[in-house]
Amino acid sequence: MKKEMAKTYDPTAVEDRLYAMWLERGYFRAEADTSKKPFTIVMPPPNITGQLHMGHAFDCTLQDILIRWKRMDGYNALWIPGTDHASISTEVRIVNKMAEEGLTKADVGRDGFLKRAWEWREEYGGRILKQLRKFGSSCDWSRERFTMDEGLSKAVLEVFVRLYDKGLIYRGEKLINWCPKCRTTISDAEVNHVDRESWFYYFKYPIEGTDEFLTFATTRPETMLGDTAVAVNPNDERYAKFVGKAAVMPVTGVKMPVIADEYVDMEFGTGVVKITPAHDPNDFEVGERHNLKRVNIMNDDGTINENGGAYAGMDRYEAREKIVSDFEKLGLFMRKEEIRNAVGVHERCQTVVEPLIKLQWFVKMDRLAKPAIEAYTSKKLRIIPERFGKIYLNWLENIRDWCVSRQLWWGHRIPAYYCECGFTVVSRERPEKCPECGGSALTQDDDTLDTWFSSALWPFSTLGWPDETPELKCFYPTDVLVTSYDIIFFWVVRMVFSGIEHMGEQPFKDVFIHGLIRDSLGRKMSKSLDNGVDPLEVIEKHGADALRLTIVTGNSPGADSRYYPEKVEASGHFLNKLWNASRFVLMNVGDDDVEKPGELTPADKWILSKANALITKTNAHMNAYELGMAVSGIHDFIWDEYCDWYIEMVKVRLRDDETKSAALWTLKRALTIALKLLHPYMPFITEEIFQSLRPEEESLMISAWPRYDENFNFPKEEKEIELIKEAVRGVRALRSDMNAPPSKKVHVTVVSKNRETRRVFEDGRAFFAMLAAASDVEIVSEKSAEGCVTIVVPDAVVYMSAAELTDREAEIKRLEKEREKLAFEVTRVKGMLGNEGFVKKAPAALIKEQEEKMGKYSSMLDSVEAQIKSLRLNAP
RNA sequence: GGAGGCAUAGCUCAGUUGGGAGAGCGUUCGCCUGACGCGCGAAAGGUCACAGGUUCGAGCCCUGUUGUCUCCACCA
C-alpha cells in the first residue's frame with residue numbers, strides 16, 4: 001500500500017515517535033553474543049552537575065554515528081551510556097544550594113549531606129538521560145551505569161585494595177596542591193597555570209655573626225615565615241663565604257643555614273634563594289637533599305597559622321603586605337619589580353592554589369605509566385588525529401604520583417581503617433578487629449577518592465568487572481573512545497593504564513579526539529559569559545537531525561568549530577530537500593510497478609553508478625573517522641546529483657513511457673542507498689522516509705549497510721550523461737546571458753560528426769529537451785551555423801536557431817570569452833605535455849588523461865573559432 | 001621556557017597518498033519549470049599569510065618569518 005507523506009516534515013512529532021519505536025523494539029540492546037563481531041563504545045559519562053551542553057551533543061553525535069553505522073554493517077554494536085558523580089563539582093553545587101537555605105555541611109552531617117547528594121543525582125542524572133535520548137542516541141539503556149552505583153563502587157574498592165596490596169597506592173606526607181576555597185587537595189591535572197602580573201619583592205636577611213646580608217627576591221613574601229634555609233649555587237664565588245653560616249629571619253628570629261645547591265640559578269635574580277620546603281615544590285626537594293625542617297605556616301582556609309607568630313590568623317595576602325611593610329621598617333626591604341609569572345589556580349574555582357604538605361593517599365605512577373606509553377609507541381593504541389598522541393606521551397613521560405584523596409564527602413570513601421594503636425588496614429570490608437592489636441576501635445578514613453579514580457575504570461567496570469561476566473568477555477576491549485582533547489590527561493591516560501593494569505589489555509584500540517564547539521565569536525561556551533547554546537532548544541526548533549548534521553558538517557577531526565544559528569537553518573534546508581525529493585518519489589511509485597526494472601536507460605545507469613561510488617567513498621571516509629567529509633559527500637550526492645539532475649531527467653519518463661518502471665526502480669534504489677548512508681547522521685528523517693518507501697522492511701536502523709556492487713558500475717554511461725549535462729549547462733548559461741526565460745522554448749540542434757555522440761544525445765533527447773528548454777531537438781551530422789548561437793562541448797556543437805534571442809555582438813563577445821578560456825586550457829595542457837620532465841616522470845594514467853584533454857580542448861577551440869568566424873562573416 | 005594548532009571567496013569552514021581552487025551563508029541577475037521559494041537556473045568573488053627551498057609540477061612536503069589561538073612547564 002502506498003503511504004502518503006506529509007507535505008512538510010515536522011521533526012518534533014516524528015523524532016519522539018520513532019525513538020519510542022526503536023526503544024520498544026529493542027534495537028538498542030546488544031547481547032553478549034560472540035557469534036557476531038562486537039563493536040563497543042563506552043560513552044564518556046556526563047557529569048550530573050547540571051544539564052547537557054553543545055559539547056555533549058557533539059560527543060554523542062559522533063559516537064552515535066559510529067555505532068549506528070557498525071550496527072547496520074553487521075556488528076554486534078554496543079554503546080554503554082552512563083553518568084559520573086563528579087565529586088567536587090557536584091559537592092560544590094550542593095553546598096551552594098544548602099547555603100541558600102542557610103545550611104552548611106556541618107549542620108546536616110555526612111549522612112544528611114549524602115542524602116541530599118543522592119536526591120540531586122536522581123533529579124539531574126535523570127534529566128541528563130532524557131536529554132541523551134533527544135539527541136537520538138542509540139545506546140543500550142539496559143546497561144546504563146553511574147560511577148557510584150553498587151557495581152562500580154565495588155570495582156573502585158577492588159582496584160584500591162589491589163593497588164594497595166601491590167604497593168602502588170600509599171599514604172604519605174607530601175607536598176600537594178591545596179585549594180583554600182574548596183578546602184581539599186587537588187591533583188596536578190586540576191591545576192591551571194595562568195600568567196598574571198605580580199610583584200617580585202627583594203629582601204635581605206642578615207648573616208649571623210657578621211654585618212653582612214644576603215639579598216634575595218620572591219613573589220610570595222608570606223612564605224618567608226616558613227623559610228628554613230637560604231641557598232646559593234655551589235659555584236657562585238660571590239656567596240661562597242656565606243655557606244655554612246646562618247641567616248636570620250628578623251621578624252621571627254628564626255635562624256637558618258646558608259646552603260649550597262645546584263638548583264639555584266646564578267644568573268637569575270640575585271642568585272640567592274630563600275628555601276621554604278613546606279610551601280614550594282622545588283624547595284621541598286632542596287629540603288629533602290639537605291634535611292631541612294619543614295614548617296607549615298598555613299591553615300586550610302589560606303590564613304597563617306600559629307607557626308606564623310605575630311602573623312597568625314591573617315589571610316595569606318594580608319600577611320604578604322604586612323611582611324613587606326615590616327621589613328621596610330627594618331630597612332631590609334629593598335624594592336619590588338613588576339613581573340609576569342605563572343600562578344597555579346584551581347581549574348574549577350580559579351582560586352590560587354597553595355602548595356602544602358599533607359598526609360594524603362597517592363597512586364604510584366612510574367610503573368603504571370610505562371605500559372601506557374608503550375601502548376602508544378608500539379602503535380597498539382591509535383590516537384586520531386595523530387598530533388594528540390604527543391600530548392598523551394608528554395603527560396605520561398612527565399607524570400608524578402597521583403594524589404587521589406579528597407577532603408570531600410560526595411564520592412567513594414577511601415577503604416582505609418585506622419586503629420588506635422596506629423595500625424592501618426586497607427580492605428574491601430570494614431574489619432571487625434585490628435589485626436595488629438585486636439582492638440575494635442577502628443575508624444575509616446574520612447576522605448573520598450578523586451572522581452577520576454572511578455572514571456578511569458569505566459571501560460571495564462561498566463561491563464561488570466571485577467566479576468567475570470559474559471559482557472566483559474564479549475565487549476572488552478572496546479573499539480573506540482570518542483572524547484574531546486581537554487580531558488586527555490584526566491581521563492584517557494588514566495583509563496589506558498588502568499585497563500592495562502587490571503584487565504591486562506588496553507581499554508580501546510582507537511581514541512577519536514574531537515574539538516570544542518565555540519560561540520559565533522570563537523569563544524568557549526561558558527556559564528560566566530552566558531554564551532552557551534542549549535542543544536535541547538535547538539532540537540525543539542529544528543530537530544535533532546538538523547543539529548546533528550550541523551555539528552558534523554565541515555568539521556575535521558580534532559578541530560574546534562563555531563556554532564551559528566544559520567548553520568542549523570542550512571541543515572534544515574537539507575532536511576526539507578530530502579523530504580520533498582522523497583515525497584516526489586513516493587507520489588510516483590506505486591506498489592506493482594517498482595520491482596521490475598525493465599531496461600535501464602543511460603541516465604539510470606549513471607545515477608546508480610554514482611550511488612555505487614558513493615558507498616565506497618563513504619566507507620573510506622568513515623573508516624578514517626572523516627565524518628565531516630563523509631556526510632558532505634552524501635549531501636552532495638542527494639542534492640546535486642539525485643535531486644537537481646536525476647529527478648529532473650526522469651520527470652519526462654514518469655507518464656507513459658516504456659522506461660517508466662526502470663525510472664521508478666532506479667529512483668527507489670538510489671534513494672534507498674542514500675538513506676542508508678545518511679542514517680547514522682540523520683537517523684530520524686531517514687527512518688521516517690524509509691518507513692514509507694519500504695514498508696515491507698522492518699526498519700532502516702537495523703537494515704543492512706549498502707555494499708558496493710560491481711553490477712552497478714557504469715563508467716561509460718557516467719561519461720555520456722556528463723556530456724549531456726555539459727550541453728545543458730551550456731545552453732542554460734547562454735539563455736541566461738540572453739535573458740531568455742525558460743518559458744521561451746527554442747529549437748535546438750545537436751551537431752556531431754561522431755555517430756556515437758549522436759546516439760548519446762538520441763538516448764537523452766527527451767530530458768535534454770526538457771532541461772535545455774527546447775521546443776524540439778534535432779540531431780544531425782552537419783549544419784550551417786548561419787543565424788545561430790552555439791554551445792561547444794566535446795565532440796559536438798549545440799545550435800539554437802534563435803535569432804530573436806540574441807544580438808550578434810553580445811554573442812561574439814561571449815564566444816570570445818569562451819575561446820580565451822579554452823585557449824588557456826590548451827596552453828596549459830600543451831605546456832605539461834611539452835615538458836620533458838613531466839612526460840618522463842608522471843604516471844602513465846595522468847599523461848593519458850592530459851592527452852585526452854588536449855584533443856578535447858583543441859577541437860572545442862577550433863569549433864569556437866569557427867563559430868566566431870562565421871558570425872563575423874555573416875555580419876549584416 | 002617547551003610543544004602544537006590555525007592563517008584558503010565578504011563571513012564560517014572543507015580540501016589525506018603533491019597533478020585543472022570547493023561548500024554553506026551572504027551578494028548580483030533571471031525564473032509562478034509537474035517534490036521542494038527552506039526552491040530552480042545563471043553568475044560575480046581567491047597572487048590558498050609572507051620569503052625561500054625540494055619537484056617536471058606545491059594550498060598540500062621542507063626551512064625561515066609574521067600574525068593568531070591553545071596546551072604543557074617548579075625559574076625563586
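Order of the sequence lines sets the chain letters (A, B, ...), proteins ahead of strands, with each chain counted from 1.
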Inspect the contact between [Y] and [X] and indicate whether a charged nitrogen and a carboxylate oxygen are less than 4.0 angstrom apart.
X      : Y      : answer
A:R729 : A:E726 : no
A:K853 : A:E849 : yes
A:R340 : A:E197 : yes
A:E851 : A:K856 : no

Is the ring pair [X]/[Y] parallel, tilted or perpendicular, if the boundaries are 30 and 60 degrees?
X      : Y      : value
A:H514 : A:F58  : tilted
A:Y202 : A:F200 : perpendicular
A:Y376 : A:Y392 : tilted

Could you check whether A:R220 makes a cation-pi contact with A:W199, meaning its NZ or CZ is under 6.0 Å from the centre of the six-membered ring and within 45° of the ring axis?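 The answer is no; the distance or angle limit is not met.
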Is it possible for you to check whether A:K577 lies under 6.0 Å from the centre of the six-membered ring of A:Y642, through NZ or CZ, and within 45° of that ring's axis? no
Compare side-chain N and O positions of A:W645 against OP1 and OP2 of B:C40 and report whether any pair is under 4.0 Å apart.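 A:W645 to B:C40 OP1/OP2: no side-chain N or O under 4.0 Å.
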Are A:H573 and B:G39 close enough that a side-chain N or O sits under 4.0 Å from OP1 or OP2? yes
Identify which nucleotide among [options] has an atom closest to any side-chain atom of [X], counting heavy atoms from C-beta outward.
X      : options             : value
A:K651 : B:G19, B:A42, B:A35 : B:A35
A:N580 : B:G19, B:A35, B:G34 : B:A35
A:S736 : B:C25, B:G34, B:A42 : B:A42
A:R562 : B:G39, B:A35, B:C13 : B:C13
A:A581 : B:G19, B:C31, B:A35 : B:A35
A:D644 : B:C25, B:C40, B:A43 : B:C40
A:R729 : B:A44, B:A35, B:A42 : B:A42
A:N739 : B:C36, B:G30, B:C38 : B:G30

Length of the line joining [X]:[atom1] and [N]:[atom2], which is rounded to integer Å:
X      : N     : atom1 : atom2 : value
A:M649 : B:C40 : CE    : C1'   : 15 Å
A:K577 : B:G37 : NZ    : C1'   : 10 Å
A:Y564 : B:C13 : OH    : C1'   : 10 Å
A:F388 : B:A3  : CZ    : C1'   : 12 Å
A:R523 : B:U12 : CZ    : P     : 14 Å
A:R518 : B:U68 : CZ    : C1'   : 12 Å
A:K567 : B:C38 : NZ    : C1'   : 19 Å

Whole-Å [atom1] distance, [N] and [M]:
N     : M     : atom1 : answer
B:G18 : B:C62 : C1'   : 13 Å
B:U17 : B:G59 : C1'   : 16 Å
B:C40 : B:A35 : C1'   : 12 Å
B:C71 : B:G64 : C1'   : 24 Å

CD (A:E397) with more than 12 external heavy atoms under 6.0 Å: yes
Is it the case that over 12 heavy atoms from other parts of the model lie below 6.0 angstrom from the NZ atom of A:K541?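 Not buried by this count: 12 neighbours or fewer within 6.0 Å.
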Within the structure shown, what part of the strands sits under 4.0 Å from [X] by heavy-atom distance: base, sugar-phosphate, or nothing?
X      : answer
A:A231 : nothing
A:P355 : nothing
A:I647 : base
A:G628 : nothing

If you write RNA chain B from 5' to 3' in dot-bracket form, with Watson-Crick or G-U pairs under 3.5 Å, [ ] for crossing pairs and | for pairs with another strand, what do you get? (((((((..((((.....[..)))).(((((.......))))).....(((((..]....))))))))))))....
If you go through the side-chain atoms of A:R828, does one of them form a donor-acceptor pair with the base of B:G57 closer than 3.5 Å?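 Checked by distance alone, the answer is no.
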Where along nucleotides 71-76 of chain B does protein come under 4.0 Å, by heavy atom, of base (B) or sugar-phosphate alone (S), with - for untouched nucleotides? SSBBBB
Upstream residue (5' side of RNA chain B) when A:P843 and A:S520 are each assigned their closest nucleotide: A:S520
